[in-house]
Amino acid sequence: MQVQEIMSRNPTCCGRADTIRDAAHIMAEKSVGSVPVVNDMGEPVGIVTDRDICCGAVAQGKGVDTPVSEVMSTDVLTTTPDEDVAACCDKMEERQVRRAIVTDENGKCCGIVAQADVARGASDRETADLVQEISKPERKSGCC
């Protein structure tokens with residue numbers, strides 16, 4: 001099975017200068033927990049999650065006009081539509097991340113694969129392994 005078979009296509013993205021309010025609005029409107037952050041060419045430069053907004057902004061006393069660049073994760077995991085789902089899951093497990101941004105042949109964001117997509121579309125074994133590995137205690141300290 002390939003990533004393109006389970007990925008969410010054409011996610012709504014935001015730019016570095018967009019505010020956390022903008023990102024939160026997208027999340028609420030689309031009923032998602034993350035928004036890819038792209039540059040002017042549509043290439044992923046980060047990802048902002050509902051947790052980033054909660055722990056990285058609200059808990060820190062930052063306002064709703066804070067740019068997503070101040071709270072987003074910049075070390076994003078990317079994959080391609082034709083990558084094998086098992087290989088994508090292996091990378092997610094290794095990095096302990098719940099999502100990977102899918103890029104096309106030009107390096108532009110064309111989709112996203114989240115833990116929920118794996119649960120809905122991959123084998124029970126792949127799903128169980130992914131959940132178990134990314135749920136291990138974090139190597140980082142702190143809330144996020």
*Could you tell me which residues satisfy side chain to side chain contact (heavy atoms under 4.5 Å, CB included) with D40, sequence neighbours excluded, listed by chain and number?*
none

*What residue among L77, V85, V102 forms side-chain contact (heavy atoms from CB on, under 4.5 Å) with V113?*
V102

*Which atom pair, heavy atoms only, marks the closest approach of T12 to P36?*
O-CD, 3.7 Å

_Minimum heavy-atom separation for C110 and P81, please, with both atom names._
SG-CG, 4.0 Å

*Over all atoms of both residues, closest heavy-atom pair of C14 and I26*: CB-CD1, 4.3 Å

_Please determine whether residues V71 and V45 belong to a single hydrophobic cluster, defined as Ile, Leu, Val, Met, Phe, Trp and Tyr linked transitively by side-chain heavy-atom distances below 4.5 Å._
yes

*Exam field: side chain R98 to backbone A116, donor-acceptor pair closer than 3.5 Å*: no

*Inter-residue atom distance N39.CG - R16.CZ, 0.5 Å rounding*: 6.0 Å

*asked:* Once rounded to the nearest 0.5 Å, what's the spacing between atom OG of S73 and atom CZ of R99?
replied: 8.5 Å

_Interatomic distance, T19 atom OG1 to I53 atom CD1 [nearest 0.5 angstrom]_ = 8.5 Å

*Any chain of hydrophobic side-chain contacts (each under 4.5 Å) joining V76 to I112?*
yes

_Nearest atoms (heavy-atom pairs only) where S34 meets T49_ = CB-CG2, 3.9 Å

*asked:* I need the Q115 CD to R120 CZ distance, nearest 0.5 Å.
replied: 10.5 Å

_Give me the atom names and distance for the closest heavy-atom approach of V37 to G15._
CG1-C, 3.7 Å

*Return each pair, listed once, that meets salt bridge (charged side-chain N to carboxylate O under 4.0 Å, His left out) where at least one residue sits in residues 104-114; pairs must be two or more places apart or across chains.*
none

*asked:* Check this for me: K91, atom NZ, are more than 12 non-hydrogen atoms of other residues, nucleotides or ligands nearer than 6.0 Å?
replied: yes

*Taking all non-hydrogen atoms of both residues into account, name the closest pair between G107 and P44 and its distance.*
O-CD, 3.3 Å

*asked:* Return the NE2 to CG distance between H25 and D18, rounded to the nearest 0.5 Å.
replied: 12.5 Å

Going by atom type alone, with no hydrogens or angles, which donor-acceptor pairs under 3.5 Å involve a side-chain atom of residues 55-70 and a protein atom two or more places apart or on another chain?
from	atom 1	to	atom 2	distance (Å)
D65	OD1	R21	NH2	2.9
T66	OG1	G63	N	3.4
T66	OG1	G63	O	2.7

*Inter-residue atom distance M7.CE - I101.CD1, 0.5 Å rounding*: 12.5 Å

